[in-house]
Amino acid sequence: MRLYVEVALPLPLNQAFSYTVPELWQERIKMGVRVLVPFGERILTGFVIEIRKKRLKKGLRLKEIKEVLDEKPVFSPFFLSFTRKLSNYYYSSWGELLQASLPPSYVIRSKTKIFLSEKGKEALWREKLPNKERLILNLLQKKAYTPFFLQKKYRIKNISSLLSQLSKKGLIHLRREMKKPVRRRLYLDPVPQRQLEIDFSLEKSLRTIVEQVSLKGEEKGFFNFLLFGPKNKRETVYFHLIKRVLVRKEKTLFLVPEISLSKCLIEKFENKLGKKVAILHSRMSERKRELEWQKIKDGEAAVVVGPRSALFSPIDNLGLIIVEEEHDDSYFQQEKPFYDARKGAWLRAREEKAILVYGSAMPTVGAFYRAKKGGYLLSLDKKEPKNNVLILEEKSKEGIVSLRFREKIRDRLKQGEQVLVFINRRGYAPLLICSKCNYIPKCINCDIALTYHKKEEKLICHYCNYYLPKMEVCPECGSKIIKMGGVGIEAVAEELKKSFPQNRIDSFTSDETETKKEQERIIRSFSRGKIDILVGTQLLAHQAALPSVSLIGILYPETMLALSDYRASQKTFQTIDLFMRPIRDDGQGEVIIQTALPYHFSIQAAASQDYISFFNHEIKLRRLMNYPPFSHVVGILFYGENLRTLARKSREFSAQVESIAKEVEILGPALAGVKRLRGVNRVQMILKAKKRKCLDEVLEETLKNVRLKKSICVFS
DNA sequence: AGCACGCCGACT
DNA sequence: GTCGGCGTGCTC
């Protein structure tokens with residue numbers, strides 16, 4: 001009997017490939033195992049997604065599988081199904097998503113190496129050769145190299161045609177080399193779970209919520225909830241839910257934002273759950289992560305904690321998925337394979353009939369809307385002491401920091417108290433501008449104004465790190481009057497130092513505090529009271545060990561409102577909220593927001609800590625403008641070296657979409673916000689539709705016809 | 001993605 | 001004339 005398999009490959013292709021299974025491997029072939037397959041000239045690791053007794057398509061000469069790499073599947077049927085749906089939703093390749101779910105060493109592929117032939121050696125002595133060829137042959141005398149290496153080394157545009165010519169002449173030969181697949185030990189059958197004791201007293205209101213959620217857990221179906229309330233209460237609920245799930249011998253996946261995987265959180269989990277918890281984070285070594293993966297696969301971890309990539313942990317018998325800090329941007333992976341772990345968690349929970357809990361004190365507008373509408377919003381009563389928040393309108397003649405704000409700082413310093421000042425801009429000034437000819441120094445690779453960094457005496461591109469030395473004279477017109485545009489953190493710190501010469505002022509950014517150690521040092525000395533005013537960016541606000549203070553200043557939080565993104569208000573609201581967190585919660589704390597837009601609703605609502613009124617305002621705008629959650633929006637970014645072909649093809653694409661799409665709103669194509677990045681041109685298009693199905697139909701039809709590099713971003 | 005093939009412009 | 005650019009098509 002012949003067996004055929006469908007194999008998903010880790011390539012940016014939206015299709016599977018069929019192979020035959022030789023007698024030798026028929027015993028071992030199963031859904032979800034890894035296989036080695038020949039693909040063109042290459043050998044790749046693929047994933048078996050279907051086994052059949054008859055071939056799927058006729059008329060193809062099928063190749064044979066070379067090897068089955070696993071005794072037991074690396075992917076369960078649930079997992080396959082969930083990742084397939086995720087890949088459909090984000091228009092990303094299933095195979096690439098599966099690859100991303102495994103430790104890197106599990107997915108090997110052949111590499112092409114170029115060897116110098118005997119004839120090639122002779123040719124080097126005797127014949128006249130074109131420069132490039134001589135260069136390459138010369139290099140190959142020492143050892144074999146990969147085409148990629150040669151391309152980089154000699155900046156050859158089209159290495160493959162050059163190599164095929166050399167190969168035809170017999171001067172080189174190509175060989176595919178392959179690492180030996182690592183023999184993996186058998187996966188253990190899950191060990192029986194010991195019941196864990198987690199001791200917590202639980203207040204009544206929280207108990208009701210825990211009961212409500214757990215009850216659904218007993219039903220073994222998919223249910224989802226949005227836990228809306230302050231962090232400490234959410235955490236209490238989480239740990240109780242986890243406990244209930246453990247009792248049922250089911251497992252928990254706990255997703256957290258990238259940044260919050262601090263020592264402190266890890267310790268919290270380890271104290272409460274002991275060895276039953278597996279923790280994954282991005283700073284882990286590859287080997288360590290592989291060991292954790294193995295531990296989870298073996299069923300030794302009852303709770304898995306990690307950032308968005310932990311969504312793909314090989315957990316079976318999943319009873320609960322928690323997405324903590326649902327609003328956090330880091331759940332969205334902005335490189336391929338593109339996906340949003342929030343939606344992913346939803347798909348996975350539904351597939352495995354698990355309970356899904358989103359948690360946040362200021363959820364994304366979409367999540368809150370859906371929860372309200374769907375009747376699964378769980379509000380934790382919130383009685384936090386209201387802080388004193390003052391919104392000041394910027395007055396440029398008073399300097400960067402207004403007089404009123406400076407008075408407040410002076411008062412606090414007199415009391416021996418500390419002050420935090422946040423501004424979300426690195427450097428000294430976001431741009432320089434010649435006041436005679438209006439020339440603005442820009443990055444040569446990125447079409448972005450260079451940021452002036454005073455300490456380093458450089459103009460730096462924040463996208464690609466290209467820099468120029470500080471300029472005294474305008475390179476365009478030679479005039480010496482170069483003005484600064486905007487305010488960055490260095491300028492704030494400088495002004496504060498002038499205003500408070502007696503006090504110790506420090507700043508905290510990724511520029512000045514390059515190393516983790518240096519960051520810790522600053523936080524420590526601030527905690528010990530050795531710094532009076534600490535100025536920082538978002539990076540500082542994310543520091544878990546940051547002590548609370550009695551006065552916080554937030555400067556110009558409206559910079560994000562300038563973005564042409566429908567989520568700008570939400571981002572502004574969230575950022576202000578983030579900056580306000582380190583305020584002392586004894587009711588004596590005071591926050592000052594200095595802004596050019598004092599009446600903007602997102603700033604007002606953030607100041608009064610009123611999520612509901614923010615939501616009510618924002619949801620009206622979203623409905624009015626037909627933005628998510630009232631529509632579906634897909635952004636397509638085309639990129640390439642050649643602007644002309646980019647423009648031509650993206651227009652062709654748009655015309656095609658237009659011709660077949662009904663009920664789809666098309667914006668663009670237009671140059672992207674950052675129209676050049678690292679030397680690559682970028683063109684952007686936005687598609688908006690009431691129904692997701694409309695977008696899917698159109699894109700399925702048209703996307704395959706564009707030969708442009710692209711990334712597709714599904715907004716929600 | 002990576003590789004092969006086939007078609008056109010600017011150079012020895 | 002041909003070399004080297006890239007646009008196109010295919011991989012089970």
Side-chain angles (χ1 to χ4, degrees), chain A residues 2-22 25 29 35-52 54-67 92-100 107-114 127-136 146-152 154-169 171-178 335-337 638-650 652-653 681 704-711:
Chain A
R2 275 193 95 83
L3 270 185
Y4 302 91
V5 284
E6 296 297 300
V7 176
L9 296 170
L11 298 172
L13 300 171
N14 278 320
Q15 59 172 307
F17 291 83
S18 311
Y19 289 88
T20 58
V21 185
W25 297 111
I29 204 86
V35 286
L36 287 182
V37 292
F39 190 72
E41 302 290 296
R42 297 179 279 174
I43 291 171
L44 301 174
T45 302
F47 313 107
V48 174
I49 54 167
E50 215 181 316
I51 302 168
R52 34 175 69 248
K54 284 184 184 162
R55 50 170 60 204
L56 193 60
K57 311 152 227 172
K58 280 178 189 163
L60 271 176
R61 188 181 290 150
L62 301 188
K63 290 185 180 170
E64 280 188 339
I65 274 175
K66 291 200 86 127
E67 197 172 340
S92 48
S93 134
W94 190 10
E96 285 185 324
L97 225 41
L98 291 172
Q99 176 182 35
V107 186
I108 52 172
R109 62 174 70 193
S110 64
K111 293 219 167 76
T112 308
K113 284 245 171 129
I114 311 151
E127 289 169 41
K128 259 194 176 175
L129 289 166
N131 270 347
K132 267 185 195 163
E133 295 188 10
R134 178 166 290 278
L135 221 55
I136 288 175
T146 65
F148 183 72
F149 180 87
L150 295 179
Q151 185 174 20
K152 259 204 319 192
Y154 298 120
R155 296 210 197 109
I156 301 165
K157 281 228 171 155
N158 191 351
I159 192 83
S160 78
S161 63
L162 182 60
L163 291 178
S164 69
Q165 275 167 37
L166 284 171
S167 181
K168 261 184 212 154
K169 286 195 248 174
L171 304 180
I172 56 167
H173 44 255
L174 305 174
R175 206 185 298 157
R176 319 279 156 174
E177 289 191 347
M178 186 97 173
E335 50 192 55
K336 59 171 212 180
F638 296 114
Y639 54 94
E641 314 264 297
N642 191 328
L643 187 57
R644 299 190 88 177
T645 47
L646 199 56
R648 197 186 74 232
K649 291 200 172 184
S650 62
E652 278 168 22
F653 174 78
N681 292 105
K704 55 176 190 248
N705 304 328
V706 229
R707 288 189 60 91
L708 277 177
K709 289 190 178 174
K710 56 194 171 277
S711 53

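Treat the numbers as computed from the prediction; the structure is a model and nothing was measured. Letters go in sequence order (proteins before strands), and every chain restarts at 1.
Summarising the geometry, the separation between CD on A:E64 and P on C:dT11 is reported as 18 Å, rounded to the nearest angstrom. Atom CD of A:E96 and atom P of B:dG2 are 11 Å apart (whole Å). For the pair A:E41 CD and B:dC5 P, the computed distance is 9 Å after rounding to whole Å. Rounded to an integer number of Å, the gap from A:K57 NZ to C:dC12 P is 11 Å. At whole-Å resolution of the value, CD in A:E6 and P in C:dC12 are 13 Å apart. What separates CD1 of A:I43 from C1' of B:dG2 is a distance of 15 Å, to the nearest Å. Rounded to an integer number of Å, the gap from CZ of A:F47 to C1' of C:dC12 is 16 Å. When rounded to the nearest whole Å, the span between CZ of A:R707 and P of C:dC6 equals 14 Å.
Using a 4.0 Å heavy-atom distance criterion, A:T20 is classed as making no nucleic acid contact. Among the protein residues, A:R42 comes within range of the nucleic acid bases, having at least one heavy atom under 4.0 Å from a base atom. Within the 4.0 angstrom heavy-atom criterion, no nucleotide atom of any strand lies near A:K704.
Closest to the side chain of A:K709, out of B:dA1, C:dC12, C:dG9, is B:dA1. Across C:dG7, B:dA1, C:dT8, the shortest atom-to-atom separation from the side chain of A:F39 is found for B:dA1.
Distances shown here put a side-chain N or O of A:T112 below 4.0 Å from the OP1 or OP2 atom of B:dC3. Here A:R176 does not reach the OP1 or OP2 of B:dG2: none of its side-chain N or O atoms lies under 4.0 Å away. For the pair A:K111 and B:dA1, the criterion of a side-chain N or O lying under 4.0 Å from OP1 or OP2 is not met.
Side-chain contact between A:S92 and A:K336: absent, with no pair of heavy atoms (C-beta onward) separated by less than 4.5 Å.
Contact detail for A:E64 and A:T20: the closest heavy-atom pair is CG-OG1, 3.2 Å. The nearest pair of heavy atoms linking A:S650 to A:F638 is CB-CD1, 3.7 Å. Of all non-hydrogen atoms in A:K66 and A:P38, the two that sit nearest each other are CG-CD, 3.9 Å. Scanning both residues, A:V107 and A:P10, for their nearest heavy atoms gives CG1-CG, 4.0 Å. Nearest heavy atom pair, residue A:W25 against residue A:I65, reads CD1-O, 4.4 Å.
At a non-hydrogen distance threshold of 4.0 Å, A:P12, A:L13 from residues 7-14 of chain A come into contact with DNA chain B.
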Side chains of residues 39-52 of chain A: which donor-acceptor pairs under 3.5 Å do they make with residues two or more places apart or in other chains?
from, atom 1, to, atom 2, distance (Å)
A:T45, OG1, A:I108, N, 2.9
A:T45, OG1, A:I108, O, 2.5
A:E50, OE2, A:R52, NE, 3.2
A:E50, OE2, A:R52, NH2, 2.5

